[in-house]
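Below, chain A is the first sequence line, B the second, and so on; all start at residue 1.
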2 protein chains.
Amino acid sequence: MGVTKADRTPSSRSLTRGRVIEAALALIDTVGADAITMRGVAETVGVTPMALYNHFSSKDDLLRAIAAHILIDAVFDGDETGWRAQLAFCFRAFRAVCLRYPILPRLLETSEIAPAAAFAPMDVTLHALEQAGMPTVDALRTYFTLVNFTLAQTSYQSRRSYPGLEPSKRVRAERLAGRGHDAAGQPQLPSGWDFDAAFEFGLDLILDGVRRALLTGRAKTTAKAAASKRRRRGE
Amino acid sequence: MGVTKADRTPSSRSLTRGRVIEAALALIDTVGADAITMRGVAETVGVTPMALYNHFSSKDDLLRAIAAHILIDAVFDGDETGWRAQLAFCFRAFRAVCLRYPILPRLLETSEIAPAAAFAPMDVTLHALEQAGMPTVDALRTYFTLVNFTLAQTSYQSRRSYPGLEPSKRVRAERLAGRGHDAAGQPQLPSGWDFDAAFEFGLDLILDGVRRALLTGRAKTTAKAAASKRRRRGE
DNA sequence: ACCTGAACACCGTTCAAGT
DNA sequence: ACCTGAACACCGTTCAAGT
């Protein structure tokens, strides 16, 4: 028999999605997330930029694959018991991933890049809260509250590490400032700001609110179970 | 006397910061936030791109000025009484501005663009919460919880209006999908998702948490019940 | 099927020159 | 002091051509 498609194993030199993604992640770790370009990634895998387009339909497609690769290994449901511990675990884990891969918040926020794997925390949240007796709509709203809070917080924290404003820009900025346009006046956080504590505080705020919603919601259901059920079915 | 500097009023054709900012905002309203470039803004004010650099030190400087222009007129403290009404007013107003100017969340999130005026909501929050007896650190943490939640939520909502994925990209995406790389699988929100209700729900969650923090904080000063409660609850 | 090389249509910004 | 025009060093992506 001749050599069929199935027999032909790719040589070690052949370009694959996986190799490109690994190279991109390494590039982000060393050079920073801003420097990730098709040309740059192609160079690190030793190939022409256009070769990437045989494996990814666009840069967005590459970015989405990177996000998926990061998220596929992440664990968002531990063996915690109770909705509060489950949600705390889930979003602490989510935050940890976002801080480990600072490009992730940007990928999940920006454009239509979010891959299917990005919605694992949503599943955990919905399951935990519905188990606790919360209507689905409210559980979804709670999820978005938590995920928006976490995304923006980690995004902000990651961006703070990079200083910005090279000397050449500063010269012109100061010249303009001399003419009355103050380009400065940037308010600052306390330099020793504890992001971990701030996150835990915010998480506690939200989960305290959830607890209250569950309590008042439960009171409501015992009284007007039929109405609540009808409302849920109507959506 | 000759014509001095003070006499020389700028002709109606002269370029000013204000004219550039107005033009940029108009451009954003019509063409969209993504299309705002130095070249594009220059064209709408009828000038060469480099002319802008006599009034702004960089594109970031322009963007910061735009953000400041938007925020300078916004009102974040109404005549509400009580911390809860004050915070609700403040962040409803903040959200309204972010939705009216969809570029704003991106400006406040991205890089070092945030102008001094962006911190007006912080002042309102800190004042209201300190008035209510909350320690400054916790008030700051509460502010960041609220502002991060609001920014991410409005940012997400604004981005949803633009569909994305032109036909040319879709062709290649489908070709790749046929080879086993599913580029799709994008989970969706319910199509009739009520962002206003979701925001109000999240705001309520957080403010309920704040209320609880104020109560336990106050209890701590008078008795030790809160501490023991916390210990029992805490992990 | 996969990769290359040249080219296109963009960016922000520098620099030298005009007035 | 303010503006222009050409140029530089980048982008993502198209297209025609190689193998």
Side-chain angles (χ1 to χ4, degrees), chain A residues 3-17 19-20 24 27 31 33-43 45-64 110-111 113 164-173 175-176 178-181, chain B residues 3-17 19-20 24 27 31 33-43 45-64 110-111 113 164-173 175-176 178-181:
Chain A
V3 175
T4 72
K5 252 188 181 175
D7 292 333
R8 181 164 54 90
T9 64
S11 81
S12 72
R13 191 182 290 114
S14 84
L15 199 60
T16 65
R17 284 200 136 217
R19 275 190 60 211
V20 175
L27 225 170
V31 193
D34 291 320
I36 190 165
T37 65
M38 297 302 269
R39 284 171 157 92
V41 173
E43 193 180 5
V45 293
V47 98
T48 271
M50 283 315 298
L52 301 179
Y53 286 85
N54 287 307
H55 305 268
F56 302 91
S57 64
S58 65
K59 190 188 181 185
D60 270 12
D61 189 31
L62 208 201
L63 293 177
R64 195 184 298 112
T110 316
S111 66
I113 288 178
L165 225 60
E166 315 116 50
S168 74
K169 292 192 180 182
R170 179 163 292 149
V171 171
R172 187 153 52 196
R175 182 165 66 80
L176 290 169
R179 292 208 267 133
H181 314 306
Chain B
V3 175
T4 72
K5 253 187 182 175
D7 293 332
R8 182 162 54 90
T9 63
S11 80
S12 71
R13 190 182 290 115
S14 85
L15 200 59
T16 65
R17 284 200 135 216
R19 276 192 58 210
V20 175
L27 224 170
V31 193
D34 292 320
I36 188 164
T37 65
M38 296 302 270
R39 285 171 156 91
V41 173
E43 192 180 4
V45 293
V47 100
T48 271
M50 284 315 298
L52 301 179
Y53 286 85
N54 287 306
H55 305 269
F56 301 91
S57 64
S58 65
K59 190 189 182 185
D60 270 12
D61 190 32
L62 207 201
L63 293 176
R64 193 184 299 112
T110 319
S111 69
I113 287 178
L165 225 59
E166 316 116 50
S168 75
K169 293 191 178 181
R170 180 163 290 151
V171 170
R172 187 153 54 195
R175 184 166 64 83
L176 290 168
R179 291 205 270 133
H181 314 303

Separation of atom CZ in A:Arg39 from atom P in C:dA7, rounded to whole Å: 14 Å
Gap between atoms CG and P, on A:Leu52 and D:dC11 respectively (whole Å): 13 Å
Between C1' of C:dT19 and CE of B:Met50, the distance in whole Å: 17 Å
Length of the line joining B:Ile36:CD1 and C:dC11:C1', which is rounded to integer Å: 14 Å
Minimum-distance nucleotide (side-chain atoms of A:Met38 versus D:dG12, D:dT4, C:dG12): D:dG12
Partner nucleotide of C:dT14 by Watson-Crick or wobble geometry (both distances under 3.5 Å): D:dA6
Distance (rounded to the nearest 0.5 Å) between B:Leu62 CG and B:Leu52 CG: 6.5 Å
Atom pair distance, as rounded to whole Å: NZ in A:Lys59 and P in C:dC10: 18 Å
Interatomic distance where CG belongs to B:Asn54 and P belongs to D:dC2 [whole Å]: 7 Å
Closest non-hydrogen atom pair, B:Ser14 against B:Arg19: O-NH1, 3.0 Å
Phosphate contact (D:dC3 OP1 or OP2) by B:Thr48 side-chain N/O below 4.0 Å: no
A:Tyr53 vs D:dT13: side-chain N/O to OP1/OP2 distance below 4.0 Å: yes
Selected nucleotide, minimal atom distance to A:Leu15 side chain, candidates D:dT13, C:dG12, C:dC3: C:dC3
Integer-rounded Å distance: D:dT4 P and B:Glu43 CD: 13 Å
Out of D:dA7, D:dT4, C:dC2, whichever nucleotide has its closest atom nearest the side chain of B:Ala51: D:dT4
Check: A:Val20 and A:His55 side chains under 4.5 Å, non-hydrogen atoms: no
Candidates D:dT13, C:dT4, D:dC3 - which lies nearest the side chain of B:Val47: D:dC3
Interatomic distance where CZ belongs to A:Phe56 and C1' belongs to C:dC2 [whole Å]: 14 Å
Contact under 4.0 Å: A:His55 side-chain N or O vs C:dC3 OP1/OP2: yes
Any B:Arg17 side-chain heavy atom under 4.5 Å of B:Asp61 side chain: yes
Interatomic spacing from CE in B:Met38 to OH in B:Tyr53 - rounded to 0.5 Å: 3.5 Å
